[in-house]
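Every chain is numbered from 1 and lettered A, B, ... according to where its sequence line falls, protein lines coming before strand lines.
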Amino acid sequence: DAKTTQPPSMDCAEGRAANLPCNHSTISGNEYVYWYRQIHSQGPQYIIHGLKNNETNEMASLIITEDRKSSTLILPHATLRDTAVYYCIVIPEGSQGNLIFGKGTKLSVKP
Amino acid sequence: DTAVSQTPKYLVTQMGNDKSIKCEQNLGHDTMYWYKQDSKKFLKIMFSYNNKELIINETVPNRFSPKSPDKAHLNLHINSLELGDSAVYFCASSKRGATDTQYFGPGTRLTVL
């Protein structure tokens, strides 16, 4: 079972920031938070990951709370092409295990 | 160039048949995976191969057999297909383990009639 909780759906206006929350209250000290997304009919796509510090790349920013029990993925200027299901996943560092995908959040970006 | 490719994209077949799905990655990665996404859109790991050795088998029926002729290929063979096997199957690869970024293929939609 997924160790994360996400809202099932969210809407965002095109051009505005999309803030996608994720709860991972049972996260362990060596577990990373990963975000992937799946655009309709495509394979999942990596977005970003982090351990403790906030992270930013060309796609998004990841804000992790100080207690690490929750995080927020931020798409700074959402476009229609960002409409997808977004998955928040926790996994131990150096794990030989597997990504456990939950139900994710269906983000709909509207014009 | 496509990083992870799968063939075929669509596969329609009768119950009881045997079929294979091919996967190739040109990223030089050591680990490859097969995932199944059912009609409810749940995405679940089936197999993981690291340097041609199986390292995970998530209680998948033994009708499913992954075959890795070399590090760049991980094919999925399915015997005696059942209606419940209908799903989208995704191949993926990563440099080493699961905490390395996984790159997914476009998926193969399997329909069993």
query: Which pair of non-hydrogen atoms, one from Y87(A) and one from Q37(B), has the smallest distance, and what is that distance?
result: OH-NE2, 3.9 Å
Rounded distance [0.5 Å steps], CG in L99(A) versus OH in Y33(B): 7.0 Å
message: Please determine whether the number of non-hydrogen atoms from other residues, nucleotides or ligands lying under 6.0 Å from atom CZ of R109(B) exceeds 12.
response: no
statement: Nearest heavy-atom contact between Q102(B) and Y46(A) is O-CB, 4.4 Å
- request: Report the option among V88(B), L43(B), D100(B), V4(B) that has the most heavy-atom pairs separated by less than 4.5 Å from atoms of chain A.
  value: L43(B)
- prompt: Just wondering, more than 12 heavy atoms not from K106(A) lying within 6.0 Å of its NZ?
  reply: yes
task: Could you grab the distance from atom CD1 of I47(A) to atom OG1 of T101(B), nearest 0.5 Å is fine?
output: 11.5 Å
query: L80(A), I74(A): one ILVMFWY side-chain cluster at the under-4.5 Å cut-off?
result: no
- request: Give, as side chain, backbone, both or neither, the part of Y103(B) having an atom under 4.5 angstrom from any heavy atom of chain A.
  value: neither
message: Do L75(A) and I89(A) land in one hydrophobic cluster if side-chain heavy atoms of ILVMFWY residues count as linked below 4.5 Å?
response: no
task: Say whether Y34(A) and I27(A) are linked into one hydrophobic cluster, either directly or through other cluster members, by side-chain heavy-atom distances under 4.5 angstrom.
output: no
field: Atom CZ of R16(A) with >12 non-hydrogen neighbours under 6.0 angstrom
entry: no
Nearest-0.5 Å distance, CZ of residue F90(B) to CD of residue Q38(A): 4.5 Å
statement: In this structure, CZ of F104(B) is separated from OH of Y36(A) (nearest 0.5 Å) by 6.0 Å
task: Tell me, yes or no, whether the heavy-atom count around N62(B) atom CG, taken from other residues, nucleotides or ligands under 6.0 Å, exceeds 12.
output: no
statement: Nearest heavy-atom contact between K103(A) and F42(B) is CG-CE2, 3.3 Å
